[in-house]
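A short worksheet on the structure shown next.
We count ligands from 1, going down the list as the structure has it; atoms in each ligand are counted the same way. These numbers come from a predicted model, not from an experiment.
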Amino acid sequence: MKLAIGADHGGYLLKEEVKKWLDQHGVAYEDFGTFSEASVDYPVIAAKVGHAIVDGQCDRGILVCGTGIGISIAANKIKGIRAAVCADEFCAEYCRRHNNANILCMGGRVLSTELALRMVDLYLNTEFEGGRHQRRVDMFTALENEEM
Ligand code: RB5
C-alpha cells in the first residue's frame, strides 16, 4: 500500500505528525505538500493527491486542512475519489467498512494529534465490507456519470 498525503497550511503540522507515524509503522507514502505553514489554496493539494490515486500512482490518501471540510469537498470533485472527512474513530473505521473511502480527511485545527493518529491507524487497517455496501458505492459512480 502506498499512500498519497497532503495538507494546506491549516493541516501542515498534523500532516508532519502523520508522516512520523507512517515512518514508524513502515507505511510507504508520497507527500504532495504543502511544505510549510505559509498560506496555500487547499484545492491545489486535493487535486494532486486525488489524481495520484485515480491515476494509480498511489492506493489511498490522507488530506488535512484546518477543518478537513474544504479539502474533502475539493477532493470529491475528482471522479473516483471517495473522500471522507472524519473527526472520530468510529467514522474513521466506518468510512472504510461501509463507504470504501479512498481518502481520509482530517482537521488540523479540530483534532488532537493522538486522536488523529488513532484514526489513521483505523483507516489504514480496516477493509471495505462489500456486499450491500458495494451496491451503494457503485451508485457514487453512477452519480458521477449522471446516470442517476
Ligand atoms: C484555511 O484558513 C482554512 O480555510 C482551510 O484550512 C480549511 O479549514 C477549509 O475548509
Side-chain angles (χ1 to χ4, degrees), residues 1-25 27-128 133 136-146 148:
M1 151 110 65
K2 185 176 178 189
L3 277 182
I5 66 171
D8 76 349
H9 50 288
Y12 168 72
L13 293 176
L14 179 55
K15 172 172 71 72
E16 296 307 299
E17 295 298 326
V18 169
K19 281 166 59 180
K20 283 184 211 162
W21 188 95
L22 296 172
D23 288 336
Q24 285 163 5
H25 290 81
V27 181
Y29 62 85
E30 184 165 347
D31 185 354
F32 289 87
T34 188
F35 299 104
S36 77
E37 289 184 85
S39 183
V40 293
D41 296 327
Y42 54 79
V44 174
I45 306 295
K48 288 180 182 172
V49 166
H51 287 301
I53 295 166
V54 297
D55 294 349
Q57 192 182 333
C58 294
D59 303 296
R60 275 194 242 157
I62 295 176
L63 283 169
V64 193
C65 67
T67 59
I69 296 170
I71 211 156
S72 66
I73 293 172
N76 277 317
K77 300 296 178 190
I78 298 170
K79 272 190 176 188
I81 290 302
R82 297 176 298 279
V85 57
C86 297
D88 60 44
E89 289 161 282
F90 184 87
C91 291
E93 179 178 345
Y94 276 80
C95 76
R96 290 289 310 136
R97 280 191 192 281
H98 286 190
N99 311 118
N100 200 14
N102 54 10
I103 301 184
L104 172 67
C105 299
M106 301 186 292
R109 296 171 180 159
V110 177
L111 303 170
S112 67
T113 300
E114 294 71 24
L115 174 57
L117 296 179
R118 290 200 302 273
M119 290 166 55
V120 166
D121 195 359
L122 284 163
Y123 168 71
L124 293 180
N125 291 301
T126 303
E127 293 304 317
F128 178 49
H133 303 294
R136 295 160 184 162
V137 168
D138 288 343
M139 290 179 187
F140 299 161
T141 311
L143 279 166
E144 284 173 344
N145 295 330
E146 300 188 7
M148 279 181 77

Original post:
Do you know the tightest heavy-atom contact between Tyr123 and Cys95?
Top reply: CD1-SG, 4.1 Å
Which of the atoms of ligand 1 are close to [X], meaning less than 4.0 Å from one of its heavy atoms?
X     : result
His9  : 1 (C), 2 (O)
Gly66 : 5 (C), 6 (O), 7 (C), 8 (O)
Cys65 : 6 (O), 7 (C), 8 (O), 9 (C), 10 (O)

**OP:** Report the part of Asp8 in contact with ligand 1, treating N, CA, C, O as backbone and CB onward as side chain, heavy atoms under 4.0 Å; options are side chain, backbone, both, neither.
**Re:** side chain
Original post:
Taking distance alone, with no angle check, do Gly70 and ligand 1 share an N/O pair under 3.5 Å?
Top reply: yes
**OP:** Under the side-chain contact (heavy atoms from CB on, under 4.5 Å) rule, what do His133 and Asn99 come out as? Steps first, then yes or no, please.
**Re:** CA-CA 7 Å; His133 303 294; Asn99 311 118; over 6 Å; no
Protein contact to [atom] [nearest heavy atom, distance to 0.1 Å]:
atom                   : value
atom 3 (C) of ligand 1 : Arg109 NH1, 3.8 Å
atom 8 (O) of ligand 1 : Thr67 N, 3.0 Å
atom 9 (C) of ligand 1 : Tyr42 CE2, 3.4 Å

Subject >> Verdict with supporting geometry, Lys79 and Glu144, salt bridge (charged side-chain N to carboxylate O under 4.0 Å, His left out) >> reply: CA-CA 6 Å; Lys79 272 190 176 188; Glu144 284 173 344; over 6 Å; no
Original post:
For Lys48, does the NZ atom have more than 12 heavy-atom neighbours from other residues, nucleotides or ligands under 6.0 Å away?
Top reply: no
Subject >> Asp41 atom CG: more than 12 heavy-atom contacts under 6.0 Å >> reply: no
Original post:
His98 side chain to Tyr94 main-chain N or O, any donor-acceptor pair under 3.5 Å?
Top reply: no
